[in-house]
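Below is one structure, written out as structure tokens; the observations come after it.
Naming: A, B, ... by sequence-line order, numbering from 1 per chain.
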Amino acid sequence: MVFTVLAPLIIAILIGVFYREKKGFWLTLASITFIANIVHCFYSLLYNSLPIIYNLGEWGANLGIVLVFDQVTVTMLLVWNSLFLAILCYCHGESKDNDFKFYMLIMIMLFALSGWAVTNDLYNMFVFIEIVSIISYALVAYTRTRNSLEASIKYLFTGSISSVLILISILIIHFSTGELNITLAMAKFSNLPLPTQFITWGMLLTGFLSKAGAAPMHYWLPDAHASAKTGVSALLSGIVIKLSLLSLYKLMASSDLLPGLNQSITTVLIVIGAFSVILGHLVAYRQTNIKRLLAYSSIAQIGYIIMGLSYSISSKAGALYHTINHAFLKTALFFSAGLLARYSNSLEIESLRGTGRKNPIASTLFTVAALGMIGIPPINGFSSKWAIMKGLLAEQAVLISLVIPLGTILATLYYVKILLILFDKKIDLPDIKFSRLKAIAVSLVMFGIISTSIFAPLILSLFGV
Amino acid sequence: MPGTLIAVLVLLIIGIVALILNTNLFKMIMALTIIESAVLLFAVSGAYIKGAGAPLADINENMVNPLPQALTLTAIVIGAATTAIALSLVIKIYKHTKSVSSEDLTRLKG
């Protein structure tokens, strides 16, 4: 199982050594790795008794680093590997020169993501989050246009300040408990005096939520996600911003919070989540650039996940399921928007007029994903939002749970607006041939959406409902 | 311990104030580095035990916590990587705008 984590790093090193090879070679090598990882994850989800626990170097949990492969982790590895396969297929052949650096960055990113998922060590978690962040800064600036550089440096300053906060709180946890293992440290940390816990959790929440792009600290997100190239936007919006929320989930799951502290954390998460949902949807409605609109929609979806993380097990499972669904749906939206925008070489929504009729495959993908984002029943977005809402209702948080249908109504407004523009009549569009790899990428994402929709109860049961 | 803690706080405040007040991107990056150094100082000073020696198990019976020193090394590397990427971004931005002021970065509105 450890090889699943290490394989992308090995490929990245190989790319660095043999960088003169053709691009197709890297794509083949990477795809084989991804497919092997996907098969392996499926196999262990079905046949192995999870969690599998590795003690690196045979040290005990209090001295060494422990890797844990549980249901959540393996599912995330599965989803990330399939999305990375789709993203590499989509990005292939977009630039003329040999961009082995791009492949290297992507592979190291996958290594850091998988390493983050399996590690049960606080400092390891921080290091992997930092690797992911640094690579995200580089990927945003990869096109080297003025907008992308500006967005990247904004992202860098915000991200660095949040990492400093996270590092300080990890150090406080280590000094006060003497542990770095998440399970042991968080269990001991719950017995400390309340002021220490309040300060530490406050810094953790600020750091992680601003890295995730939750509402008051969201200003870097639309810039960064709209200025990067389309595949990278899908990667950042679909996977990277969820990472810090998943870390928060990991820390909260292993700590036994005191009632007073638990109450305050829940309140903070609920308020920030609801604020993100409403602000994200409202601002998305006003956007004229399709990628900025999708980025603001990401803020809203982050809000749903934060709200889900706050309460019971049911809503937490819903939040985890929503991270997967949103990863597939947002990737689908970015891919199809990128394909449709090729007809006029502009990302303005108005210039997409009529492209939906010209390219039925991309527009079908866009429609399905948009309906999923809104939350129309057979598609996966509905099941996860419903699970979050059920969890909130079970805790008597009726007023807060009404934010979710409100968000659905707001989302309907702008997605229907775009769909009407897409399927408008317009004749004079140039004929563009897309490469076969783009079709593979689109069908992979479509397959992901369909399978997560069909197996909704199964996935929710994996997360413990 | 309180002495170093005060130093950490002073460094943090200097860094944050410098980050807020400056518009020169180079100075902002320097402020970021100062904040990072404050955290590193916090890590090393937190591991200190009064009267204890260096963490060499054969020589010193009574030694300081060696773990944060290892963590600090990693954090230094991470900080260096972040600074390197920030500086390279500033060079690229200078090629586009002929200025290193953050006030000229107004193309995107957040």
Side-chain angles (χ1 to χ4, degrees), chain A residues 63 121-124 126-131 133-141 143-161 163-172 174-176 178-180 217-224 226-227 283 289 292 295-296, chain B residues 1 5 8 12 15-16 19-20 22 25 28-29 31-49 65 67-68 70-75 77-97 100 102 104-110:
Chain A
L63 287 178
D121 183 275
L122 273 174
Y123 199 75
N124 246 357
F126 170 74
V127 171
F128 283 127
I129 291 176
E130 274 306 277
I131 297 175
S133 311
I134 290 173
I135 292 178
S136 316
Y137 312 146
L139 281 177
V140 169
T143 49
R144 297 184 187 80
T145 57
R146 192 185 148 172
N147 281 1
S148 67
L149 292 168
E150 189 180 325
S152 178
I153 199 136
K154 221 183 235 182
Y155 185 10
L156 189 142
F157 278 116
T158 321
S160 309
I161 295 294
S163 349
V164 164
L165 287 176
I166 296 169
L167 181 54
I168 293 178
S169 40
I170 286 178
L171 287 171
I172 292 177
H174 173 60
F175 290 147
S176 51
E179 304 280 359
L180 274 178
M217 298 292 283
H218 67 281
Y219 52 88
W220 56 269
L221 190 144
D223 296 349
S227 315
V283 184
N289 181 317
R292 284 184 79 84
Y296 274 108
Chain B
M1 181 66 191
L5 213 55
V8 168
L12 262 183
I16 291 167
L19 190 63
I20 293 169
N22 276 306
L25 285 172
M28 286 167 79
I29 293 170
L32 207 59
T33 332
I34 292 173
I35 295 174
E36 272 162 10
S37 329
V39 180
L40 299 181
L41 184 59
F42 176 64
V44 176
S45 64
Y48 181 67
I49 301 164
N65 182 358
L67 200 52
L71 305 187
T72 309
L73 277 180
T74 319
V77 175
I78 293 170
T82 317
T83 314
I85 210 161
L87 289 173
S88 63
L89 284 176
V90 172
I91 293 170
K92 290 281 178 197
I93 287 173
Y94 180 74
K95 280 184 182 158
H96 279 278
T97 62
V100 288
S102 65
D104 291 335
L105 296 176
T106 49
R107 187 76 73 80
L108 303 167
K109 294 187 211 73

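Of the atoms belonging to A:Ser133, not a single heavy atom falls under 4.5 Å from chain B. Of the two parts of B:Ser88, neither the backbone nor the side chain holds a non-hydrogen atom closer than 4.5 Å to a non-hydrogen atom of chain A. Using a 4.5 Å cut-off between heavy atoms, A:Leu180 contacts chain B through its side chain alone, with no backbone atom that close.
For the side-chain contact (heavy atoms from CB on, under 4.5 Å) test with A:Ile168, the passing option among B:Ile35, B:Val8, B:Val39 is B:Val39; the others fail.
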- Given side chain to side chain contact (heavy atoms under 4.5 Å, CB included), test A:Arg146 with B:Thr97 step by step and report yes or no. CA-CA 8 Å; A:Arg146 192 185 148 172; B:Thr97 62; 3.6 Å; yes
- Tell me, with the steps shown, if B:Thr74 and A:Phe126 meet side chain to side chain contact (heavy atoms under 4.5 Å, CB included). CA-CA 10 Å; B:Thr74 319; A:Phe126 170 74; over 6 Å; no
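Taking each heavy atom of B:Ala75 and A:Leu167 in turn, the nearest pair found is CB-CD2, 4.3 Å. Between A:Phe175 and B:Phe42, the shortest heavy-atom contact is CE1-O, 3.8 Å. Closest approach of B:Thr82 to A:Ser160, counting heavy atoms only: CG2-OG, 3.5 Å. Shown here for B:Leu89 and A:Leu149, the closest heavy-atom pair between the two residues is CD2-CD2, 3.6 Å.
Distance check: A:Ser152 OG to B:Ile85 CD1 gives 6.5 Å after rounding to the nearest 0.5 Å. With rounding to the nearest 0.5 Å, the separation of OG in A:Ser148 from NZ in B:Lys92 is 10.5 Å.
Side chains of A:His174 and B:Leu67 form a contact here, defined as non-hydrogen atoms less than 4.5 Å apart. Looking only at side-chain heavy atoms (C-beta outward), A:Leu156 and B:Leu32 come within less than 4.5 Å of each other. In this structure, B:Ile29 and A:Phe157 have side chains that are in contact, with non-hydrogen atoms separated by less than 4.5 Å.
Although no hydrogens or angles enter the test, the distance criterion places a donor-acceptor pair under 3.5 Å between the side chain of B:His96 and the main chain of A:Arg144. At least one donor-acceptor pair closer than 3.5 Å links the side chain of A:Tyr123 to the backbone N or O of B:Leu71.
Options B:Ala86, B:Gly15, B:Gly79, B:Ala81 differ in how many heavy-atom pairs under 4.5 Å they form with chain A, and the most are formed by B:Ala86. Note on A:Val283, A:Thr145, A:Ile134, A:Ile131: by heavy-atom pairs under 4.5 Å with chain B, the leading option is A:Ile134. Among A:Ile172, A:Val164, A:Val127, A:Ile153, the residue making the largest number of heavy-atom pairs under 4.5 Å with chain B is A:Ile153.
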